[in-house]
*Asks:* 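Take a look at the following structure, please.
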2 protein chains.
Amino acid sequence: MATGRTERPAHRGRGIPEATVARLPLYLRALSALSERGVPTVSSEELAAAAGVNSAKLRKDLSYLGSYGTRGVGYDVEYLVYQISRELGLTQDWPVAIIGIGNLGHALANYGGFASRGFRVAALLDADRAVAGQRIAGMVVRHMDDLEQIVRDDHVSIGVITTPAPAAQGVCDRLVAAGITSILNFAPTVLSVPEGVDVRKVDLSIELQILAFHEQRKSTSDGAAPNLPPAAPGAAASRAGDVGGDLPEVMPA
Amino acid sequence: MATGRTERPAHRGRGIPEATVARLPLYLRALSALSERGVPTVSSEELAAAAGVNSAKLRKDLSYLGSYGTRGVGYDVEYLVYQISRELGLTQDWPVAIIGIGNLGHALANYGGFASRGFRVAALLDADRAVAGQRIAGMVVRHMDDLEQIVRDDHVSIGVITTPAPAAQGVCDRLVAAGITSILNFAPTVLSVPEGVDVRKVDLSIELQILAFHEQRKSTSDGAAPNLPPAAPGAAASRAGDVGGDLPEVMPA
DNA sequence: TAATGTGAAGCTTTTCACAGCC
DNA sequence: GGCTGTGAAAAGCTTCACATTA
């Protein structure tokens, strides 16, 4: 999410669009796969296909980083891996702390994908003293009391919040107070943070609801229902204003 | 409000912008909290604050659903909860299958947030016969062999893929062949699907990389480094200088 | 009077299409 | 000949500001 800061480093050619930044990791992943297969160069068409975007968009995106391709040939895979890694800041180490060691925190602690690109799980924390002390994924879970000290000593730069929703804002505030300016929030709640702190969220429930919206459209607009869903049992009952009268169970044409 | 009239809600049909759809769940969550606290009405200003957006955007978003507010007053909380729920398709039941019961699948199976809004975990599946048969979150894990039958018999409408990346496309293909048209993918890979199938992805590693990008900018553009990150291991510490790049060699992490 | 609903303006992102270069 | 890099057009999204209405 945008920092809201208006001041720009005034570097010529800087100012990569947010939408582009969000796709760079995708390109990087596709390039890494090519690299492992020993492929030396790749065209925008091929790379775009591997990343699931169209080639014009890919070329435009890459053009914000510089002119790293060769006309008539394509892009050097290794070179591009390096340039994107550098742009994303993956050539440095990013110690991460996971706060809230429930089911999800536990799963993330064991998730291999963390380590792969400069992200290193530096600490696991939990508010429950029964959890603190446990050994998970080769690390001892620390108690929340030590949060500030851990952030300082281990130079934690990214906090991952996997607590229950009610605890999330409090944890967030403490992270921010401890100097952390990048937070990944898995708790289903909106976090409010001061200017300059970036929060990104991962929200299962929101994703499902978006899918449901489109799924609903599919079965109502087509005559042919793919996997007909069973009728609704407990729907939100309307009070306040009889809703049923207006648009009762619409089935728009 | 809402009398028996069949006045069409302004933008019905193909009309609701994708960006708006993605925010409706956020509004719904904020409204549900208000509802539980017994708040009867809410202004766009208040609701927007609770959802973390600005009020003009909120009003515009809601206007795509219809004119559900009252000038001078605000929105009726219960009524709006119902309208958004209906628009999102949450007044019906959405049986979900989770495929791949590793750490993450396990965590999701136990995650309470599923059940809350019409999403019901109908089945857990795994390719490993040692996992199939186990009891998790009150359900018996089924073997992948039964996928097609389960999808059919339980009217599964959404597939959640939590397999390792290499297995994901195969699972996806089978889901699609079985008639599923909505997929939530947690595997770090691009899925290719035919037209008409919706895929949404949740990707931890991408989110972290986006955070890293902004974090890097902060420390290089500001004089004041918040939590100074330790220098990279072997990486060429090329700072914000542009192109210049040579180094066709990679710098993996 | 207070707060919605919405044209219009301003931005951002995507797509097009082709000049330029290897 | 093939493919990148990029202006320009189109589409999509956000914000403004105010007429409108309960």
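The figures here come from the full heavy-atom set of this structure, side chains too, leaving out hydrogens, waters and symmetry mates. Residue numbers begin at 1 in each chain, while the letters A, B, ... track the order of the sequences.
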*Asks:* Taking the ring centre of each residue, are Y68(A) and Y75(A) less than 6.0 Å apart?
*Replies:*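 Ring centroids of Y68(A) and Y75(A) are no less than 6.0 Å from each other.
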
*Asks:* Atom OH of Y64(A) and atom C1' of dG7(D): how far apart are they, to the nearest Å?
*Replies:*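 Y64(A) atom OH is separated from dG7(D) atom C1' by 11 Å.
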
*Asks:* If we only count heavy atoms from C-beta on, is the Q209(A) to F119(B) side-chain gap below 4.5 Å?
*Replies:*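 Yes. Closest side-chain heavy atoms under 4.5 Å.
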
*Asks:* Can you name the closest pair of heavy atoms from S63(B) and K60(B) and give their distance?
*Replies:*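 Nearest pair, atom of S63(B) first, then K60(B): OG-O, 2.6 Å.
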
*Asks:* D61(A) CG to dC16(C) C1': how many Å, rounded?
*Replies:*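 Taking CG of D61(A) and C1' of dC16(C), I get 16 Å after rounding.
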
*Asks:* Atom CG of L62(B) to atom C1' of dT4(C): distance rounded to whole Å?
*Replies:*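 After rounding, the reported distance stands at 10 Å.
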
*Asks:* Ignoring hydrogens and geometry, is there a side-chain-to-backbone donor-acceptor pair from S32(A) to L28(A) under 3.5 Å?
*Replies:*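 Checking the backbone N and O of L28(A) against the side chain of S32(A), a donor-acceptor pair under 3.5 Å is found.
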
*Asks:* D198(A) vs I183(A), test: side chain to side chain contact (heavy atoms under 4.5 Å, CB included). Steps then yes/no.
*Replies:* CA-CA 6 Å; D198(A) 283 316; I183(A) 292 173; over 6 Å; no

*Asks:* Rounded to the nearest Å, what distance is computed from the CG atom of residue L24(A) to the P atom of nucleotide dT13(C)?
*Replies:*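 Rounding to the nearest Å, CG of L24(A) and P of dT13(C) are 13 Å apart.
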
*Asks:* Write down the distance between CG (L65(B)) and P (dT4(C)), rounded to a whole number of angstrom.
*Replies:*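 From L65(B) CG to dT4(C) P: 15 Å.
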
*Asks:* Identify whether the distance between the nearest side-chain nitrogen and carboxylate oxygen of E18(A) and R23(A) falls below 4.0 Å.
*Replies:*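 Looking at E18(A) and R23(A), the cut-off is not met.
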
*Asks:* Counting only side-chain heavy atoms from C-beta out, which of dT4(D), dC13(D), dT13(C) sits nearest to P17(B)?
*Replies:*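 Nearest to the side-chain atoms of P17(B), counting from C-beta on, is dC13(D).
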
*Asks:* Quick check on side-chain contact (heavy atoms from CB on, under 4.5 Å): which of V199(B), V96(B), I158(B), V160(B) does S182(B) satisfy it with?
*Replies:*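 Among V199(B), V96(B), I158(B), V160(B), the one that satisfies the side-chain contact (heavy atoms from CB on, under 4.5 Å) with S182(B) is I158(B).
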
*Asks:* Has the side chain of Q169(B) got a donor or acceptor atom that lies under 3.5 Å from a matching backbone atom of S192(B)?
*Replies:*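 Looks like yes, one N/O pair under 3.5 Å.
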
*Asks:* Check each residue of residues 41-51 of chain B for a non-hydrogen atom within less than 4.0 Å of any atom in DNA chain C, then write out the ones that pass by number, or none.
*Replies:*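 S43(B), S44(B), in order of number.
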
*Asks:* Sub-3.5 Å donor-acceptor pair from the side chain of S85(A) to the main-chain atoms of T91(A), do we have one?
*Replies:*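 Side chain of S85(A) to backbone of T91(A): no pair is present.
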
*Asks:* List the protein contact pattern of nucleotides 16-22 of chain D with one symbol per nucleotide (5' to 3'): B for base contact, S for sugar-phosphate-only contact, - for none; contact means a heavy-atom distance under 4.0 Å.
*Replies:* BB-BBBB

*Asks:* In whole Å, I'd like the distance from the CG atom of L58(B) to the P atom of dT15(D).
*Replies:*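 Rounded to whole Å, this separation is 12 Å.
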
*Asks:* Let me know the distance between NZ of K57(A) and P of dT4(D), rounded to the nearest Å.
*Replies:*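 One finds 17 Å between P of dT4(D) and NZ of K57(A), rounded.
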
*Asks:* Establish, with yes or no, whether the OP1 or OP2 oxygen of dC22(C) is under 4.0 angstrom from a side-chain nitrogen or oxygen of Y75(A).
*Replies:*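 No, no such contact exists.
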
*Asks:* Tell me: CD of E18(B) to C1' of dC13(D), nearest whole Å?
*Replies:*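 Rounded to whole Å, this separation is 12 Å.
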
